[in-house]
Amino acid sequence: MIFNQSHGDRKVRVFSISPSFLEQFQDKQPNWGFGELGYFTYKRTYARDLEKGGTEEFWQTCRRVVEGVYNIQKIHCKAMGLPWIERKAQRSAQNMYQRMWDFKFLPPGRGLWMMGTDLVYQRGSAALQNCAFVSTDDIDTDFADPFCFLMDMSMLGVGVGGDTRGAGKVRINVPRMSKRPFVVKDSREGWVDLIKTVLNSFVGKGYFPLVVDFTKVRGRGTPIKGFGGVSSGPGPLCDLMQCLTLLLMPEGKDPKFTVKHDGDGKVIKCVTKVQGGRAPGARITSAQIVDIFNYIGKCVVAGGVRRTAEIMFGNPEDQEFMSLKQDKDALSDRRWASNNSVFAKVGMDYAEVAEAMAVNGEPGICWLENARNFSRMGHDPDGKDWRAMGTNPCGEQTLEHRELCNLVETFPAHHDDYEDYQRTLKMAYLYAKSVTLVPTHDPRTNAVMQRNRRIGCSVGGIIQAFKRHGRRNVLTWCDQGYGYIQELDRLYSGWLGVHESIKTTSIKPSGTVSLLTGSTPGMHYPHAEYYIRNVRVANTSPLVDAARRAGYPVEADAYADDTSVVSFPVKEKHFIKGKADATMWEQFTNAADIQQHWADNQVSVTVSFQARELRDIQTCLEAFENRLKSITLMPLEDHGYVQAPYIKITSDQYADMMSRITPLQMNSAEHEITDAFCDGDSCTIPVRDA
């Protein structure tokens, strides 16, 4: 047990919220965001299965999450011999519960899904973490390590960023071969161990297994206890092993694979034969490093967890890295699996990067020296993050090698005044800080995280808050709130006997969590004042019939088999302008202001730009290089896709659709999708059907 509730002869009594307090929430629904879109998304994505059948209602999710937070605090205090006052904790927990219920703050999707579950106590906090970063800088010491870290954390629901620093540091040679069967264990560790063995064989460590036995791996469709979801069977792992072998085998060698199946079509064995003459090795390239990451991400997407996230960082002078997504065959096969960014330097020539951005928005930009030297930009440099090596896939957290990040989100537009918002900030901070008290299963990751205690208290619905409270007031709230969080961190770190957090605030892109609350995601503008939000659901889900009975338009998915698209009409409550009306300069300015007044980590934002603004990309990068730590761009264009996630409609169309809708009845709903990894749509790997 990584985080046991029993300490020696002392049994820590489980923390529970008062039943009399919970009575007021049972059999009720919160004020779901965007009509019933929020409720539908919650049941589809975050409601866990109940032992007696069906899935949680939101009052039960809030209870599980809040009790999980305070149980972590209590166990920590009892283990460390620190004061714990049950009555005080009960008042605080009820306050946290109420503020979650009112959508004044929410944990990230990771927290809504995993907090308070047995898996956290049994296997550590990795499943509660949003994202991570791992560097390939030391692959000449341990070649397989960063790739195994990626696979291990991705399978636990952690999106991972990586780099190409290891390019040229090791020579890839023809491996020594072994005919002894390699038996894959039916566990996350078993999958990772196979990939470790295969990768290390190409640098002279161990032997390449010519025979791989998959018989112990559970078959496709088998439920995965603990984390959730169902198994894909060993097929994706077998494919990954073959792809890595073909990628790394030196030219002149010709590996052939024979895959055997049982009567049910399950992969049970893969036999490799390698032909060809002598083949000289070559040093690993940046493209091969990225491809290893991408192949692993592709495997995880198909391997029982339906979403993941990757970002790869390279050098802007590396032409191979800069051209990775110009190879259409490779892009279709695996390179879709990561967003790519470059480590930029203040004062560099942005012409080539800007030209590439104008095509499809990539590469993104990370000014790593800004992230290392500054907490909030516009303030004095403090050099706190001098060890930082990169960021998480969505770019809101500065991270060291093997460090994970832990986020939480507040919604100022759901508050009447700053005093109320400050009380919410305390609850959000306590959630995030509590997660840092639980170690992961990885000792080297713990060594970093327990030193840094990094958290990311985020602000969602910023554009809505500008509308409701005024831009100047929101920035003032950010300044005051940032100072308040620093006071809280000094106070609670002292009480808990742990390091103060190296950094505490960020802006995450949000995503489906924002749908629950009716908030615009992070820094982003709404699509329009009136629009359709399309949600894809498997035809096997009871949610499809529930939506159809309630009068929501339901169509067969034009791109995926056995899938339906449910259309939800949305009216933006706090409307300023849609994304098509927000200029690139305005979006850069919003990000820079929040980077100065709130985020000591980073602001995750994808700036949308029109064709007429192409000439301004380079100028914007030059103008804001001293005010930002990272930025990504995306062309705003009519892509022509039917059933797009967002479709603008008129007020009359909205009224007509709403007139046909009756309340959703979802008592028989079953959990369908675990919305893993980052919360933002822009940094998740899409599901690619074979």
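Just so you know, these numbers use all the heavy atoms, side chains as well, and skip hydrogens, waters and symmetry mates. As the structure is a prediction and not an experimental result, all values here were calculated from the model.
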Q: Begin from the C-alpha positions of Ser510 and Glu409 and carry the test side chain to side chain donor-acceptor pair (under 3.5 Å) through to its verdict.
A: CA-CA 8 Å; Ser510 197; Glu409 192 167 13; 3.2 Å; yes
Q. For the side chain of Gln397 and the backbone of Cys405, is there at least one donor-acceptor N/O pair under 3.5 Å apart?
A. no
(Q) Under the rule for ring-ring contact (aromatic ring centres under 6.0 Å, His included), what residues qualify as partners of Phe40, not counting sequence neighbours? (A) Phe568
Q) Step by step, would you call Asp49 with Thr55 a side chain to side chain donor-acceptor pair (under 3.5 Å)? A) CA-CA 4 Å; Asp49 294 337; Thr55 56; 5.8 Å; no
(Q) For the CZ atom of Arg402 and the CG atom of Asp442, what is their distance to the nearest 0.5 Å? (A) 4.5 Å
Q | salt bridge (Lys or Arg N to Asp or Glu O under 4.0 Å) evaluation trace for Arg123 with Asp118 | A | CA-CA 8 Å; Arg123 300 190 182 183; Asp118 290 340; over 6 Å; no
Q: Verify whether one side chain among Gln90 and Gln94 offers a donor that lies under 3.5 Å from an acceptor in the other.
A: yes
Q: Kindly give the heavy-atom pair with the smallest separation between Thr440 and Met449, and that separation in Å.
A: CG2-SD, 4.1 Å
Q | Phe34 six-ring face occupied by Arg533 cation (under 6.0 Å, within 45°) | A | no
Q. Just checking, any donor-acceptor pair under 3.5 angstrom between side chains of Thr504 and Lys433?
A. no
Q) Who passes ring-ring contact (aromatic ring centres under 6.0 Å, His included) against Phe588, sequence neighbours left out? A) Phe624
Q.
Quick one: does any side-chain atom of Ser501 pair with a main-chain N or O of Arg453 as donor and acceptor, under 3.5 Å?
A. yes
Q) Can you check side-chain contact (heavy atoms from CB on, under 4.5 Å) on Val498 and His76, steps first, answer last? A) CA-CA 11 Å; Val498 298; His76 174 84; 4.0 Å; yes
Q: With rounding to the nearest 0.5 Å, note down the distance linking CD1 in Ile462 to SG in Cys478.
A: 6.5 Å
Q.
Quiz question: by atom type and distance under 3.5 Å, do the side chains of Ser608 and Tyr525 form a donor-acceptor pair?
A. no
(Q) Between Arg423 and Asp420, does the salt bridge (Lys or Arg N to Asp or Glu O under 4.0 Å) criterion hold? Intermediate values first, please. (A) CA-CA 5 Å; Arg423 290 190 286 271; Asp420 188 33; 3.8 Å; yes
Q. Salt bridge (Lys or Arg N to Asp or Glu O under 4.0 Å) between Glu586 and Lys577: does it pass, once the steps are laid out?
A. CA-CA 12 Å; Glu586 183 177 5; Lys577 63 180 67 173; 3.1 Å; yes
Q. Between Trp59 and Tyr97, does the ring centroid distance fall short of 6.0 Å?
A. no
Q: Compute whether any side-chain donor of one residue and acceptor of the other, for Gln602 and Thr391, lie under 3.5 angstrom apart.
A: no
Q | Inter-residue atom distance His524.NE2 - Asn590.CG, 0.5 Å rounding | A | 10.5 Å
**Q.** Distance-only polar pair, side chains of Ser493 and Glu500, donor-acceptor under 3.5 Å
**A.** no
Q | Asp600 side-chain N/O to Thr505 backbone N/O, donor-acceptor pair under 3.5 Å | A | yes
(Q) Main chain of Asn406, side chain of Arg454: is a donor-acceptor contact present, judged purely on distance under 3.5 Å? (A) no
Q) Does Arg48 make a cation-pi contact with Trp113, if we ask for NZ or CZ under 6.0 Å from the ring centre and within 45° of the axis? A) yes
Q) Which atom pair, heavy atoms only, marks the closest approach of Val120 to Met114? A) CG2-O, 3.5 Å
Q: Indicate yes or no for a side-chain donor-acceptor contact from Gln595 to the backbone of Asn601 under 3.5 Å, with no hydrogens or angles considered.
A: yes
Q) Do Asn95 and Arg99 meet the criterion of a side-chain donor-acceptor pair at a distance under 3.5 Å? A) yes
**Q.** Exceeds 12 heavy-atom contacts within 6.0 angstrom, atom NZ of Lys104
**A.** yes
Q. Got a donor-acceptor contact below 3.5 angstrom from the Ser514 side chain to the Gly511 backbone?
A. yes
Q | Nearest heavy-atom neighbours spanning Glu572 and Ala528 | A | CB-O, 3.9 Å
Q. Where the side chain of Arg110 meets the backbone of Gly157, is there a donor-acceptor pair that is under 3.5 Å apart?
A. yes
Q) Quick check: does any side chain N or O of Lys629 sit under 3.5 Å from a backbone N or O of Ser375, one acting as donor and the other as acceptor? A) yes
Q) Without hydrogens or angle criteria, can the side chains of Gln29 and Glu57 be said to hold a donor-acceptor pair below 3.5 Å? A) yes
Q: Examine Phe105 together with Tyr431 and report whether their ring centres are nearer than 6.0 Å.
A: no
Q. Do Thr512 and Tyr46 have side-chain N/O donor and acceptor atoms under 3.5 Å apart?
A. yes
Q) Is there a donor-acceptor pair closer than 3.5 Å between any side-chain N or O of Ser564 and the backbone N or O of Arg536? A) no
Q) Judged by atom type as modelled, is there a donor-acceptor pair below 3.5 Å linking the side chain of His469 to the main-chain atoms of His415? A) yes
